[in-house]
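Chain naming here is simple, since letters A, B, ... match the order of the sequence lines and numbering starts at 1 in each. Quick caveat, the model's predicted, so the values are computed rather than measured.
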Protein chains: 2
Amino acid sequence: MKNPVYIKIVEDIRNKVNNGDLNPGDDIPSETALCKEYDTSRMTVRKGLAILMNEGYIYSIPGKGYFVEKPDFNKYTIYYDEMNNLINNVDNTKLLAVDIIMPPEDLAGNLQISKNKKVIMIRRLFYTDGEPMAYDIKYLLYEKGMPIVENEIEQATFPEMVSRNTSLYGLKKELLIYAKVPEEKTKKLLNIKGDLALLVVEQKLYDSKNKPMGLGITYFRGDYIKLQGISQ
Amino acid sequence: MKNPVYIKIVEDIRNKVNNGDLNPGDDIPSETALCKEYDTSRMTVRKGLAILMNEGYIYSIPGKGYFVEKPDFNKYTIYYDEMNNLINNVDNTKLLAVDIIMPPEDLAGNLQISKNKKVIMIRRLFYTDGEPMAYDIKYLLYEKGMPIVENEIEQATFPEMVSRNTSLYGLKKELLIYAKVPEEKTKKLLNIKGDLALLVVEQKLYDSKNKPMGLGITYFRGDYIKLQGISQ
DNA sequence: GAGTGGTCTAGACCACGTT
DNA sequence: ACGTGGTCTAGACCACTCG
């Protein structure tokens, strides 16, 4: 029971919001009112309110006050690692090819480059217990000093490939997730005999200035992957 | 150039981390050192450091100091709304059936209830431009006072169904995303003639005490849905 | 014991909204 | 003019880590 005062404030208000005593749009007592209510200083009250703002429970309008935020129903956090997912892990990889290509129109547009800028294309297979479970294509903008060494590429994750030069921090990433029926070529590569759906994950990397650095497309056998998302 | 001092501190340290001047594990100058460096008070320094902690850039160990956090590569934020996605929106729904069932073993386990606790099963179709694009099944624990009124259910989103009694805030939610080949029954419902993959999204809702409140399974036609994830 | 972060105080000045 | 939140100060005491 030696909790800091600001934690008490956070819990009180959070509980009131959670059980409906406070509803979205309602206003919260002012800082000075809370100072009196909890017999504490303004900075302590502000510390509690700052936490509630970070948690998305409330927001403030200077000159007006604090108000209850409307919850963000549809927001989830998902951890995506091309080598590991909820039901399967990659235990082996095979480098199929590394090519320098002139990007076709859609790829050039996707990477926001002109069509005469060369692109590195890396194709790999991911294995589990000797079975191919994913076919992976990466397109990377060629940068000077980028080491195209086979055994460095083979085991690398997409951010790892790109981050040899730049820090891992500035990177922005984008995922696109959809389902697709495999083409014949892909069925052969993934050793698919009957009917099987693919889960396709496109991964796009941007540098800190929002310039695309690469595009990855991974075709997972539908029976080897589940992605998990968690709210809050 | 009238930025608050703590913003300047945040930006300086964030930049040092982003461009590699500071690396994961490195220690940050102490609060008192930063007070001198920026000629400001300790609370102002602490405000800046608190922001960097919230952003996941640094962490603190009482009695030791502040250190650079290692980045969370694989974390993405995804917005999932069963009625709206990146490439398509639902403009009409059809309620197929509402049934009270005794849960089969796997469902009872999933909802953490005994097999003789009744469950409401709701089946719907989602339409876009007159075409069925998703088949949706919801399993809800029956709660007293839950209004099973057809026209209330028909248009409701999963959290909306559950949140008639409880607040929307306490809810925890979990997604499971995978790809699947449709069964014959599903192909008929979704008017699928040739080969088409399904994107399946399972959505599980928990109350604030982590007790499951319901399970939803939505089978999307693969050509009607793309989910998007964004880093940080 | 010296240095660190964690909590807290009792003031201050400012920009902003409302009346 | 007054109340609101945003920034900031110059102290304080505590618990912790480390030499």
Exercise. Output, in order, the C-alpha distance, side-chain angles, deciding distance and verdict of side chain to side chain contact (heavy atoms under 4.5 Å, CB included) for B/Tyr79 and A/Asp72.
Key: CA-CA 9 Å; B/Tyr79 289 87; A/Asp72 208 343; 3.6 Å; yes

Exercise. Taking only the side-chain heavy atoms of B/Arg42 (C-beta and beyond), determine which of D/dC13, D/dG5, C/dT9 contains the nearest atom.
Key: D/dC13

Exercise. Grab the two heavy atoms, one from B/Leu125 and one from B/Tyr127, that are nearest each other, plus how far apart they are.
Key: CD1-OH, 3.5 Å

Quiz item: Would you say B/Thr32 reaches C/dG3's phosphate, i.e. side-chain N/O to OP1/OP2 under 4.0 Å?
Solution: no

Practice problem: Taking atom types as modelled, find out whether B/Asp12 and B/Tyr38 have a side-chain donor-acceptor pair closer than 3.5 angstrom. | Solution: yes

Self-check item: Below 4.0 Å: OP1/OP2 of D/dG6 and any side-chain N or O of A/Ser60
Solution: yes

Quiz prompt | Integer-rounded Å distance: D/dT7 P and B/Ile9 CD1 | solution = 13 Å

Quiz item: Would you say B/Asn15's side chain and B/Glu11's backbone share a donor-acceptor pair under 3.5 angstrom?
Solution: yes

Self-check item: Closest nucleotide among C/dC8, C/dG6, D/dG5 to the B/Tyr66 side chain
Solution: C/dG6

Practice problem: Determine yes or no for a side-chain-to-main-chain donor-acceptor pair under 3.5 angstrom, with B/Asn85 supplying the side chain and B/Tyr224 the backbone. | Solution: yes

Quiz item: Counting just side-chain N and O atoms, does A/Tyr6 come under 4.0 Å of either OP1 or OP2 of C/dC8?
Solution: no

Quiz item: In terms of side-chain geometry, is the basic nitrogen of A/Arg221 or A/Asp223 positioned less than 4.0 Å from the acidic oxygen of its partner?
Solution: yes

Quiz item: In whole Å, what is the span from the CE atom of A/Met43 to the P atom of C/dC8?
Solution: 13 Å

Practice problem: Let me have a per-nucleotide readout for nucleotides 14-19 of chain C, 5' to 3', with B, S or -, counting only protein heavy atoms under 4.0 Å. | Solution: --BSS-

Practice problem: Figure out the CZ/C1' separation between B/Phe67 and C/dT4, and round it to whole Å. | Solution: 10 Å

Quiz prompt | Rounded interatomic separation in angstrom, taking CG from B/Leu34 and P from D/dT9 | solution = 13 Å

Quiz item: Nearest-Å distance, CG (B/Leu49) to P (C/dT7)?
Solution: 13 Å

Quiz item: Which nucleotide in the list C/dT7, D/dT9, C/dG6 gets nearest to the side chain of B/Ser41?
Solution: D/dT9

Exercise. Please step through side chain to side chain contact (heavy atoms under 4.5 Å, CB included) for the pair A/Asp21 and A/Asp26, ending with a clear verdict.
Key: CA-CA 10 Å; A/Asp21 290 351; A/Asp26 287 1; over 6 Å; no

Self-check item: Short side-chain N/O contact to C/dT7 OP1/OP2 from A/Thr44, under 4.0 Å
Solution: no

Quiz item: Start at the 5' end of DNA chain C and walk down; is the nucleotide closest to B/Ser30 or to A/Asp39 reached first?
Solution: B/Ser30

Practice problem: For B/Lys117, look at atom NZ and say whether over 12 heavy atoms of other residues, nucleotides or ligands are found less than 6.0 Å away. | Solution: yes

Quiz item: Passes side chain to side chain contact (heavy atoms under 4.5 Å, CB included), A/Lys204 versus A/Asn110? Steps please.
Solution: CA-CA 9 Å; A/Lys204 209 156 141 190; A/Asn110 214 323; 2.7 Å; yes

Quiz item: From C/dG5, C/dC8, C/dT7, pick the nucleotide closest to the side chain of B/Glu31?
Solution: C/dG5

Quiz item: Rounding to a whole Å, what distance do you find between B/Tyr38:OH and D/dC8:C1'?
Solution: 17 Å

Quiz item: So, A/Thr218 and A/Asp136: side-chain donor and acceptor under 3.5 Å apart, yes or no?
Solution: yes

Practice problem: For B/Asn3 and D/dT7, give me the distance from atom CG to atom P, rounded to whole Å. | Solution: 10 Å

Self-check item: Rounded distance (Å) that lies between atom C1' of D/dG3 and atom CD1 of A/Ile28
Solution: 17 Å

Exercise. Could you give me the stems involving DNA chain C, meaning stretches of three or more consecutive Watson-Crick or G-U wobble pairs whose two defining distances are both below 3.5 Å?
Key: C:1-16 with D:3-18

